[in-house]
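Just follow the structure's listing: the first ligand is 1, and inside any ligand the first atom is 1.
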Amino acid sequence: MSKYLVRGGLPLAGKITVHGAKNSILPVLAASLLNQTGEQIRLKKVPSLYDVRAMISILTGLGAQVERDGEDLLLQTANVDCYHVPEALMREMRSSIFLMGPLLGRLGRARLCYPGGCKIGLRPINLHLEGLRTLGAVIEVDEKEGYIEAWGRPRGGEVDLDYPSVGATENLILAAVTAHGDTVIRNAACEPEIVDLQNFLNILGAKVEGAGSPVIKVKGVSGLHGGSYNVFPDRIVAGTFLLAAAITRGSVTVEGVIPDHLKALLRLLDQAGASVKVAGSAVTVSADRLKAVSRVETKPYPGFPTDLQPPLVACLTLARGTSTMIEHVFKERFHHVSELRKMGAQITVRGRQAVINGVAVLNGAAVTAADLRAGAALVLAALAAKGESNILEIHHIERGYERLPEALRSLGARIFRVEGVREEAVF
Ligand code: EPU
């Protein structure tokens with residue numbers, strides 16, 4: 001039972017770099033299955049995140065060899081011959097549904113646990129399944145046992161997504177890369193992680209174009225080979241540090257980022273009265289007390305990202321005035337609200353809308369992270385709160401942020417990871 005102990009109230013200051021994007025690394029790791037040659041794939045600067053380790057366990061279970069070389073990962077996938085992802089590993093990381101595309105491309109078969117059958121809530125995959133069927137897969141869902149069986153080597157086709165799902169777009173690209181014939185995906189997700197996946201696949205010999213736009217074209221090739229790749233910096237981690245500067249009324253420079261990926265957040269911070277400076281690949285946010293923003297809506301890229309909604313809500317709890325947040329992407333993504341209320345935040349939620357009445361002070365409390373970004377929101381609130389906070393269930397946070405306490409301490413925060421129930425004086 002590890003937790004974070006935070007003593008809030010200090011403005012963060014300094015410079016920090018961010019690790020590679022989790023949501024790029026996961027599909028890129030899945031894509032490595034399409035390399036049947038003995039050639040190695042080197043992924044540079046891969047953070048040691050819980051989700052990355054879970055994906056590595058899945059790949060090694062399928063027959064891949066994965067080794068760490070300092071910050072890099074080396075992958076050898078010549079011997080992959082298993083198409084069954086065990087339930088226990090699927091449970092570790094439900095987004096692993098995008099293994100279905102590469103498994104079909106590589107082995108013409110896939111057997112995965114149905115993510116919707118898992119306990120933490122429904123995760124629809126209808127768009128993945130419909131798209132893969134359009135590309136020729138035969139898919140049977142065993143609702144009772146919670147398994148999906150798919151077989152058939154993909155062939156080219158035209159898929160029109162009803163919604164620009166990130167995971168479905170990735171799954172379909174991955175199925176199309178080694179399909180017989182050409183594929184067009186319309187209403188595709190435009191997130192930078194899709195561009196990252198395209199860039200990686202093309203280095204390995206794929207022919208994918210259009211990522212970052214709603215129309216993606218894939219020319220089927222016979223197979224991929226080895227190569228070396230460095231994924232984009234994690235825009236959500238970068239955004240979290242910038243919001244940490246804003247909520248603590250400090251000044252933080254995040255270096256080595258792609259500022260374009262952060263446009264929606266930077267616009268909003270500017271609107272809220274923070275100073276935002278972009279210089280090359282560095283972004284600096286300095287802030288005093290923020291002003292409320294009347295209406296923020298999460299949307300697919302380039303809209304405001306749902307993954308920064310919880311951290312932004314945390315910041316707005318201390319803004320001057322009333323803000324409204326509308327969550328369009330996920331149906332139930334306000335699990336941080338009840339915890340923020342324990343710290344004194346005034347927020348009401350009705351359906352997909354949260355109304356945040358800014359308060360002058362938050363107070364430290366014992367709070368529980370319900371999911372990754374809800375956890376990040378609690379860390380930010382605790383950094384700004386008066387007194388000490390205990391943040392529980394931090395394994396959620398560690399799915400996506402590498403050594404977060406150390407990173408925040410380098411900016412002057414007082415936050416420590418504590419094992420077990422010990423509460424000796426860490427400050
Ligand atoms: N949806 C469907 N049917 C589908 C697929 C999605 O109805 O077949 C719905 C979802 O229920 C959701 C919406 O479409 O309401 C968006 O889902 P999407 O498929 O775009 O998201 P995802 O691929 O499951 C990825 C990220 C999420 C991020 C979203 C949106 C990864 C591994 N995960 O999820 O990241 O929030 O895109 O940008 O890439 C996180 O990092 O904290 C995280 C949750």
- Query: Which ligand 1 atoms, with their elements, are less than 4.0 angstrom from a heavy-atom of P124?
  - Reply: 2 (C), 3 (N), 4 (C), 5 (C), 6 (C), 7 (O), 8 (O), 11 (O)
- Message: Against Y4, only a single residue in L404, L392, L378, L408 fulfils side-chain contact (heavy atoms from CB on, under 4.5 Å); can you say which?
- Response: L404
- Message: Are Y147 and H84, when compared by the centres of their aromatic rings, separated by less than 6.0 Å?
- Response: yes
- Is any N or O atom of N23, backbone or side chain, closer than 3.5 Å to an N or O atom of ligand 1? yes
- Considering only NZ, NE, NH1 and NH2 on the basic side and carboxylate oxygens on the acidic side, decide whether R133 and E130 come within less than 4.0 Å. no
- Using heavy-atom distances, let me know which of D51, D234, V166 sits nearest atom 20 (O) of ligand 1. V166
- Message: If the cut-off is 4.0 Å to any non-hydrogen atom of V329, which atoms of ligand 1 fall inside it?
- Response: 12 (C), 13 (C), 15 (O), 16 (C)
- Note on the structure: Paired with V359, the side-chain contact (heavy atoms from CB on, under 4.5 Å) test is passed by just one of I356, N357, L362, namely L362
- For I125, counting its heavy atoms only, list the atoms of ligand 1 lying under 4.0 Å from any of them. 4 (C), 8 (O)
- Reported CD-to-CD distance for the pair E193 and Q198, which is rounded to 0.5 angstrom: 13.5 Å
- Item | Test applied, side-chain contact (heavy atoms from CB on, under 4.5 Å); reference residue, V177; option that passes from L197, L204, L201, N202 | L201
- Counting heavy atoms only, which part of Y163 comes closer than 4.0 Å to ligand 1: side chain, backbone, both or neither? side chain
- First locate atom CZ of R111, then atom CG of L99, and finally report the distance between them rounded to the nearest 0.5 Å. 15.0 Å
- Item | Which of the ligand 1 atoms, numbered from 1, are nearer than 4.0 Å to a heavy atom of T306 | 30 (C), 36 (O)
- Message: Can you tell me which portion of R333 lies within the under-4.0 Å heavy-atom range of ligand 1? Options are side chain, backbone, both, or neither.
- Response: side chain
- Message: Residue-level breakdown please: for D307 versus ligand 1, do any non-hydrogen atoms fall below 4.0 Å on the side chain, on the backbone, on both, or on neither?
- Response: side chain
- Item | Location of contacts on H128 toward ligand 1, heavy atoms closer than 4.0 Å | both
- For atom 23 (O) of ligand 1, which candidate among P164, G167, S165, G375 holds the nearest heavy atom? G167
- Is there a heavy atom in K22 that sits closer than 4.0 Å to ligand 1? yes
- Proximity to ligand 1 by part of L372, non-hydrogen separation under 4.0 Å: side chain
